[in-house]
Number of protein chains: 2
Amino acid sequence: MEEIISLDALIELIDKKQVTKLRELFETSEIIDIAEVCNEIDDISKLLFIFKTVKSEYTAELFTYLNEDTQAKLINLFSDKQLTELITNSYTDDIVDFLEDMPANLVTRVLKASPKEERSDINKLLNYKDDTAGSIMTTEYVEISEDLTVKEALAQIKKIGQDAETISSTFVIDKKRNLVGVLYLEQLVLSDEDTPIKDIMNEDFLTTNVHDDQEVVADIFKRYDRTVLPVLNNENRLIGIITIDDVIDVMEKETSEDIAIQAGMQPLEDEYLKTGVFTLAKKRIVWLLFLMVSATFTSMIISKFENYLSAAAVLSAFIPMFMDTGGNSGGQTTSLITRGLATKEVTTKDYGKVIWKEFRVALITGLVVATFNFLWIFLELKIGLVSNQGANHPEDWQVAGLVALTLFSTIIIAKCLGASLPMFAKKIKLDPALMSGPIVTTLVDATSLLIYFLLCTQIFKLVQV
Amino acid sequence: MEEIISLDALIELIDKKQVTKLRELFETSEIIDIAEVCNEIDDISKLLFIFKTVKSEYTAELFTYLNEDTQAKLINLFSDKQLTELITNSYTDDIVDFLEDMPANLVTRVLKASPKEERSDINKLLNYKDDTAGSIMTTEYVEISEDLTVKEALAQIKKIGQDAETISSTFVIDKKRNLVGVLYLEQLVLSDEDTPIKDIMNEDFLTTNVHDDQEVVADIFKRYDRTVLPVLNNENRLIGIITIDDVIDVMEKETSEDIAIQAGMQPLEDEYLKTGVFTLAKKRIVWLLFLMVSATFTSMIISKFENYLSAAAVLSAFIPMFMDTGGNSGGQTTSLITRGLATKEVTTKDYGKVIWKEFRVALITGLVVATFNFLWIFLELKIGLVSNQGANHPEDWQVAGLVALTLFSTIIIAKCLGASLPMFAKKIKLDPALMSGPIVTTLVDATSLLIYFLLCTQIFKLVQV
């Protein structure tokens, strides 16, 4: 996407107080494009000028896209009237979104400036736990009673729909205020005026509980191709709706979290560039330490066989190679299966199918890679890229055979472990992404080292010490 | 999500020919839930019974969710009349979706059974290249001319909107059939009947070209929170629309591809469980071979210093440990930055910021991990988990210091490389995901081995040979 206006051009409009052109810009551009430029303006008074000049229906949207710091500074500088205008023109869920990251004194200011009804909505939404349906829902929806006709319903929507975040779905309630149907605007428009809405509303609608995890909500949207979902409280009363734009953000965030966990990090709460260096370091150190300590097994195994390494030093030259290949082939399977579990392409019920498939894939992959590996290592030794010397050194073909056979076993084990670990995690209700590439690598490393030395000393009896 | 009906219950309904109950099931359930159960039915005649019994508005949707094999079998068994009914009740883009994977003879059958107009639409859509806007758009939208009032527009939508995939947006064209505005149903319903639609339509609308990559389309939906996007041909005429449900599928697929590439695989075209063993193996072997050959550098480095390893065997025990830690810490940064580039949180313009940030993160991480590592290795050696013997073996604290210092340098290099490689790839217009964890690992492995041996032999002069 190209920037729609340059920073310099925008600053010029502001400095020269070209009010008409500035207003025009907001009417003809996408607000998010302007917001990106505004986020580069350091002088807060320039931004304040925009908020004073441009219609608040535009600036309210602009505000939601600004950096937290800028938002906080602006709230400090806004008059009470400006603040009230901003809140009236914003959707409640957007207000709650930025309030969540604000210091308490600013939250108090915003709440004070809010109209009474809005204030109680904001307070309610602020109290829902992060990552629940409640935290992403909005209270601005249209509900109508069940005994209306299409014509009456449309008239009512026209009357009360102006402030709603969407009227594409309206929610039909009975006399006890229970949700009894969902009415799509499309259906209303396509039906005859006199039809009772009871006849056309959908009585088998999906809902979500306000305390449900937002990932559950995102799954419903994806699976059932929804754009709006009603949210019920524990008494099954309708208390809000979730719209698809907020769900897309959730989907993106959840995927980023999965990716982070799988790379051996704790996920970030904020965008990368906005996250401090210490937080970034903290998120990574835990896993690095854990994995480093786990690698002790590899040290112990090597140490146990160090006499053999001293006797035939060539043996140590290939340790990184087969360890890397093991880690890589295990990592391939782990990411594929973890992603499959996340998109629901694969479920734990498919375990048998998956393992059987990975086993065959491993056989083919292992055979091809190990054959190539045998030839490659034989070549390396023959042309002296890697030297094979010493008092009673093994033959070149013996070394190549040993490494290739280890590699083959390693690939089989890596693929089977790589498929099993995420599915096992899912089965015991852990996040499959926790069984990350690094963990698989660590396990495979230790196993393949053991195989290497056992093949070398027990089966091939290549080295006598 | 719970299954809504069990396989056994569904088969019983079919075997006992409980027509009413079967129809009821389709009316009260989400079709995708039933489809999942249907996909487990092997006996195609049972499925055929469903298609004969249940209203085609439901079975048309059911059909889109079935496996390719089942779809092909069903088309073979359908009468011409059934086929025509299926096509009439399906959206054109859904028909094209399943035709894309069908053998030619079945495509011909379907096209023959299609009503004339539908046939030409299907043919047109089939001709767009995979992964373009054209391949995911539908031709079933509503266009109206610009000189109508709200009342007239609503009447027209009522008349021609029944077959459209969505009427939430209608598209306003001038006399030359150029797209001049987009009209949201919500606006129509909320406006007065006599308002000319020219006054309320959006003239600054976003569009996409039919040949645009679907990833570009997905980005527009995400960035601008759209649910529908008009598609133009090279002459800027409106030829189709894209709806958000198809875009969500694209987003999921693109993310899966990124994840696959980053784990060192070529992405799959199909779902994991539907992909054959040979295809799966082929997608992985190329990278494994490439990475294995790259690992030759590590072998060469170790080989070059093998005299030192023979003299002090303890030195080889820690090679896997610092290589793993290097790979892991590089992988952390690479995934974070690659994901950031994919979600546009980070751009190549931020290179300076990112490197400076990662350098500082690496300093902190390196310091903490290396300090802990020093103590840990010292302990391992003292309590004999790893033995440090031999004629002129170095002191325990010397070994621990050497490993810790190598680890520190490795983490710094890994983080800087891990941040630079994806951004460099992006800069030269390659897919950043190509600079995958495995590639970073291979590079870091070689570098850290070199550092290890140089520190050991040149600086510390721990071992004399």
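In what follows, every chain begins at residue 1, and chains take the letters A, B, ... in the order their sequences are listed.
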Determine the minimum heavy-atom distance between [X] and [Y], stating which atoms define it.
| X | Y | result |
| --- | --- | --- |
| M251(B) | I248(A) | CE-CG2, 3.8 Å |
| T325(A) | L288(B) | O-CD2, 4.2 Å |
| K357(A) | T275(B) | NZ-O, 2.7 Å |
| V189(B) | L185(A) | CG2-CD1, 3.8 Å |
| E345(B) | L273(A) | O-CD1, 3.7 Å |
| S335(A) | A263(B) | OG-CB, 3.0 Å |

Got a second to check how far [X]'s [atom1] is from [Y]'s [atom2], nearest 0.5 Å?
| X | Y | atom1 | atom2 | result |
| --- | --- | --- | --- | --- |
| I244(B) | D225(A) | CD1 | CG | 10.0 Å |
| E186(A) | S168(B) | CD | OG | 5.5 Å |
| D245(B) | Y224(A) | CG | OH | 15.5 Å |
| L280(B) | L336(A) | CG | CG | 7.0 Å |
| T365(B) | K283(A) | OG1 | NZ | 13.0 Å |
| K282(B) | I364(A) | NZ | CD1 | 11.5 Å |

Basic-acidic side-chain contact under 4.0 Å: [X], [Y]:
| X | Y | answer |
| --- | --- | --- |
| E358(B) | R284(A) | yes |
| E271(A) | K344(B) | no |
| E36(B) | R223(A) | yes |

* Against chain A, work out which of T243(B), L289(B), L309(B), I157(B) has the most heavy-atom pairs shorter than 4.5 Å and name it. => L289(B)
* Return the option, out of A281(B), A164(B), A260(B), G264(B), with the maximum number of heavy-atom pairs under 4.5 Å with chain A. => A281(B)
* Are side-chain heavy atoms of I259(A) and I259(B) found at a separation under 4.5 Å? -> yes
Which donor-acceptor pairs under 3.5 Å do side chains of residues 294-303 of chain A form with protein atoms, sequence neighbours excluded?
| residue | atom | partner | partner atom | Å |
| --- | --- | --- | --- | --- |
| S294(A) | OG | F290(A) | O | 2.7 |
| T296(A) | OG1 | V293(A) | O | 2.5 |
| T296(A) | OG1 | W376(B) | NE1 | 2.8 |
| T296(A) | OG1 | E380(B) | OE2 | 3.0 |
| T298(A) | OG1 | A295(A) | O | 2.4 |
| S299(A) | OG | A317(B) | O | 3.1 |
| S303(A) | OG | S387(B) | N | 2.9 |

Residue among [options] with most heavy-atom pairs under 4.5 Å to chain B:
| options | value |
| --- | --- |
| K274(A), K159(A), R360(A) | R360(A) |
| E203(A), Q162(A), M321(A) | M321(A) |
| K353(A), K222(A), M323(A) | K222(A) |
| T279(A), D249(A), V361(A) | V361(A) |
| L206(A), L154(A), I319(A) | L206(A) |
| V314(A), T255(A), T343(A), D350(A) | T255(A) |

Residue part contacting chain B, namely of [X], when any heavy atom lies under 4.5 Å:
| X | value |
| --- | --- |
| L291(A) | side chain |
| K304(A) | neither |
| M292(A) | both |
| I337(A) | side chain |

Which atoms of [X] approach chain A - backbone, side chain, both or neither, heavy atom under 4.5 Å:
| X | answer |
| --- | --- |
| T227(B) | side chain |
| T166(B) | both |
| R339(B) | side chain |
| L407(B) | side chain |
| L268(B) | side chain |
| E27(B) | backbone |

* **Polar side chain donor-acceptor pair, S316(A) to E306(B), under 3.5 angstrom** => no
* Checking salt bridge (Lys or Arg N to Asp or Glu O under 4.0 Å) for the pair R226(B)/E30(A): CA distance, chi angles, key distance, verdict? -> CA-CA 12 Å; R226(B) 293 300 138 107; E30(A) 296 292 331; 2.8 Å; yes
* Structure fact -> Residues at least two apart in sequence or cross-chain that pass side-chain contact (heavy atoms from CB on, under 4.5 Å) with T441(A), listed by chain then number, are D445(A), D324(B)
